[in-house]
Structures are given as C-alpha cells and as structure tokens.
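Both backbone and side-chain heavy atoms feed into the values below; hydrogens, waters and symmetry mates do not. Every chain is numbered from 1, with letters handed out A, B, ... down the list of sequences.
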Number of protein chains: 2
Amino acid sequence: MTEQGTRSYSPRERMVFSAAQLIRRDGVGATGMRDVAAHADAPRGSLQHYFPGGKEQLIGEAVTWAGRYAARRVTRCLAALPADDRRPSLLFAALVAQWTEECLATDFAYGCPVAAVTVDCADTTDTARTAAAQAFDCWREPLTGALVELGVPATRSAALATLMVSSLEGALLIARAERDIQALTTVVDELGPLLDAAVT
Amino acid sequence: MTEQGTRSYSPRERMVFSAAQLIRRDGVGATGMRDVAAHADAPRGSLQHYFPGGKEQLIGEAVTWAGRYAARRVTRCLAALPADDRRPSLLFAALVAQWTEECLATDFAYGCPVAAVTVDCADTTDTARTAAAQAFDCWREPLTGALVELGVPATRSAALATLMVSSLEGALLIARAERDIQALTTVVDELGPLLDAAVT
DNA sequence: TGGATTCTATGACCACCGTCATAGAGCTTC
DNA sequence: GAAGCTCTATGACGGTGGTCATAGAATCCA
C-alpha cells in the first residue's frame, strides 16, 4: 500500500491514494481535504474539479481503491507461493506478513483504510459504508478463489476467506493499539492448521 | 453495552458512558464534547470540571470503561453457560451473539468503541492509544482465564483469546459495512471446532 | 449564618473545515 | 488567434469544534 511504482500518476490518482493513506493513519474525521491535496502535491483547486461530490466522493474512491489494492495483493501472494508447498496457511501468513512488516517499518502508524471508513462512516455516510462493503467483497473474492485453487472445497472457501479477513483486521487493530506484532503472529499461528485442514 | 441498570448514575459516569456510545457509533472525530453532554443529559459546564484534561481524557476514560465492560461480559457469559455442556465454542458463540443481537436491534449503528479509538487515535493521541491497548488486555484477561477453566491448556489459552477477540472485532467491522450478520456467524461457525479441539 | 467547596451556566475566542465563487492559466481545435 | 475546454489559484463564507474565562447556583461543614 505504500509503493507507487515508477510511472508517474496523475494528480487525481495521487489524491485518491493520499486520501487512503491519511485516512488509514488518522481516521476520516481528522483527515482534511487540504491535507489530502498537500500530501499528494496536488493543487487544492483541483479537489472541487476532480471530486465535485466533495469529501464523500473522495472517501468513497479511496476505499474502493484500497479494496482493489488488497485484492491485487492476494493474487500476488498466491503467485508467490513456493511451487512445492502451496498451502492455505502459507498464503495467510504471506498476507499477514505484509501488514506486519509495514507495522514495524512505520512504527504502527498505518491501519486499514477500509476499517477506518467503516468505523467513522458506517452510520452516517451511506455511500462510504457501501464502498467499504464492496471493498471487503473485492478483497475476499480473490481470496476465496485462491483457497479453492489450493484445494479447499468451494463450500467452505468463502467462509474461510471471511475468517481470514476478520482475523487480520482484528489483529491489526490490536497490534496498532499495543504497538506490538504479537496479535498478528498469533492469528497466523493459530489459524494456520485450521486452514490447511480444510484442504481435501 | 446499552443497558445501564436501574440505579441512577452520576453526571460524570453518564458522560463517560455517552462518550463511549457516541464514539462507537460516529467515531472519535465526529463526536463533539457538546454532543456528549447533551446525550448524557449533563450540563455542558461540567465537562471542564470533571474532565480538565479535555477530550483526550474523556476518550481515555470512555475506552477504559468499555474494556471493563467487555470483561464483565465475558465472565457473565461464562457463568451463563449450561452446566452440562461447557465448551469454549459456546462461550465464543455467546459473546458474539450479544454483538449480533445488538447489530440487528440497532440496525448496525454501533460498533466497538475500542476499535474506533484505535483507528482514530493510534498515531496521534498516545494516551488514547494506551488506553485502547489496556482495554484489549482487560478484555482478553478474563477470556484467557475462562478458556483455562473450560479445559484449554494455559499455554494456548492466551493465544486463543487473542484469536477470538481479533475475529470478533474484524467480523464486526465487516458486518457493519455490509449491514449483514453473516460475517459474525461465520467466524463463530468456523472457529468453534478449533476452540473445542484445544480442550485437553 | 457564613464561608468554602463543588458544580453549573453561558458567552466568547480562535482555529479549522468543507464548500463555494470567481478568476486566471494552459492547452487543444477549428 | 479566438474560442473552448480542462485544470489551477485563491480568497471568502458559514459552520463547528475544543477550550477558556467568568460568574452564578448549590451544597456542605464549621
């Protein structure tokens, strides 16, 4: 969620990206439009031009972007699994490892933008809430497919994907609060055997 | 987290309670001090008197209160388990059921205050972050003890408690975003066998 | 009763936020 | 080169937020 590649992004893309970054660090309420523009090195006047729907639209696009990013991450981790040992537990471990490393590298500054938007907007901004729901779906979909590919029966793969995302989100919360990786490693260790046992 | 019992609470207690309620519904940023006083039917002037530390202090006390409340809930659920069938899965199911019912009863308006504070303050307000960490500890401690009492070896009980809280928190997030109970029921169903299998 | 302490009431201050209005650059296209 | 479109620049506005200052009520002991 940090790397942007080498090609240059448009101001609009940068603003969506920056919004996601700031939201997942400070929450929706503490993230101002001016901050987003500044963080993206984008002109403030472009905000109303690219996002005529205002903050609501920007938040929606940011969380949608985050969902797609998470989905890409799943397929990437699946592809990176060792050819000789492709187990669901290793996929989960790889996914969590990315968050773990980021936590350590940034001193637990950043959480999940989808979680932040859900917490801050679930009962007030319906478009944001819907976008968050779609982001979760977008995230779980490739995960479900990956589990099937790894041998989990289709009847259980969706449920296990939900369990994986839930555990990851919750552990990430705890880890951020405690500034300690332990919760993340714990869910990986405890959930691993369960996931592998689901392979038929 | 809704019922207050019958005895009357002091304005100070009510403000802490109301703060927790508003925070877990709207997030920290969207919760104003004036809102808290109004929600608690407490005089606005009392805010600076009872909470000279300002919003930071109020948030801290609210999340601390929430942690203690969650802990009480654990011991209550443990005590309410049927005498003839006391399994960890049933304890977890009972805990999640409380959230599930509340979600349905309130149309998914309320989340977890500890999660909200973590998301909104983890990188900015250290006292709030610390309070959230202690709240998680306060929550997991009786849960760990309960697992031991139900036959889980002490070496694993803490890890499983972390897994339970993580899954619950994450599933609650997803449930709120989707306005659907499914994620909550899924984690209960999928985690149940794992928990019971840990009993020696 | 009188004074001290605790609590309440209210208005004001200042900073910030999201949004709008308006005008100006920069570039394409006929 | 003039029109037209995209994009940028900037100031202003109304509203809200947390906090402070100050004064008033209420309660409780000596």
(message) Give the residues of residues 52-59 of chain B touching DNA chain D, defined as any heavy atom closer than 4.0 Å, sorted by residue number.
(response) G54(B), K55(B)
(message) Between R179(A) and D107(A) (salt bridge meaning N to carboxylate O under 4.0 Å), is one present in this structure?
(response) yes
Under 3.5 Å between N/O atoms: give me all the protein pairs with nucleotides 21-25 of chain C, atom names plus distance.
unit_1	atom_1	unit_2	atom_2	d
dA21(C)	N6	Q48(A)	NE2	2.6

(request) Under 4.0 Å from any atom of DNA chain D, heavy atoms only: list the residues of residues 33-42 of chain B that qualify, in numerical order. (result) M33(B), R34(B)
(request) Take the protein atom NE2 of H49(A) and the nucleotide atom C1' of dC20(C), then report the distance between them rounded to whole Å. (result) 15 Å
(message) Is it the case that over 12 heavy atoms from other parts of the model lie below 6.0 angstrom from the CZ atom of R68(A)?
(response) no
(message) Quick check on dT6(D): is either OP1 or OP2 less than 4.0 Å from any side-chain nitrogen or oxygen of Y50(A)?
(response) no
(request) Please confirm whether the backbone N or O of A177(A) pairs with a side-chain atom of R129(B), one donor and one acceptor, at under 3.5 Å? (result) yes
(message) Without decimals, in angstroms, what is the distance between F51(A) CZ and dG18(C) P?
(response) 14 Å
(message) So for R44(A) and dG11(D), does any side-chain atom that can act as donor or acceptor lie under 3.5 Å from a complementary atom in the base?
(response) yes
(request) Drop me the distance from M15(A)'s CE to S10(A)'s OG, to the nearest 0.5 angstrom. (result) 8.0 Å
(message) If we ignore hydrogens and angles and just use 3.5 Å, is the side chain of D120(A) paired with the main-chain N or O of V28(A) as donor and acceptor?
(response) yes
(message) What's the separation between atom CG in L163(B) and atom CG in D189(A), rounded to the nearest 0.5 Å?
(response) 10.5 Å
(request) Drop me the distance from F17(B)'s CZ to Y69(B)'s OH, to the nearest 0.5 angstrom. (result) 7.5 Å
(request) Would you list the pairs meeting side-chain hydrogen bond (donor to acceptor under 3.5 Å, both in side chains) in which at least one residue belongs to residues 28-44 of chain B, sequence neighbours left out? (result) S18(B)-H39(B)
(request) Would you mind telling me which of dG11(D), dA12(C), dC7(C) lies closest to the side-chain atoms of S46(B)? (result) dC7(C)
(request) Look at the side chain of R176(B) and the backbone N and O of A122(A), then say whether any donor-acceptor pair between them is shorter than 3.5 Å. (result) no
(request) Would you mind reading off the distance between L47(B) atom CG and dT8(C) atom P, rounded to a whole angstrom? (result) 10 Å
(message) Any side-chain to backbone donor/acceptor pair from S167(A) onto M164(A)? Under 3.5 Å, distance only.
(response) no
(request) Only counting residues at least two apart or in another chain, list the ones meeting side chain to side chain donor-acceptor pair (under 3.5 Å) with R140(A). (result) D137(A), T162(A), E178(B)
(message) Looking at Q57(A), I'd like to know if its CD atom is crowded, meaning that more than 12 non-hydrogen atoms belonging to other residues, nucleotides or ligands lie closer than 6.0 Å.
(response) yes
(request) Enter the inter-axis angle for the ends of the helix from dT1(C)-dA30(D) to dC30(C)-dG1(D) (five pairs per end, rounded to 10°). (result) 0°
(request) Verify the cluster assignment for V63(B) and V165(B): are they in a single hydrophobic cluster under the rule of side-chain heavy atoms below 4.5 Å apart? (result) yes
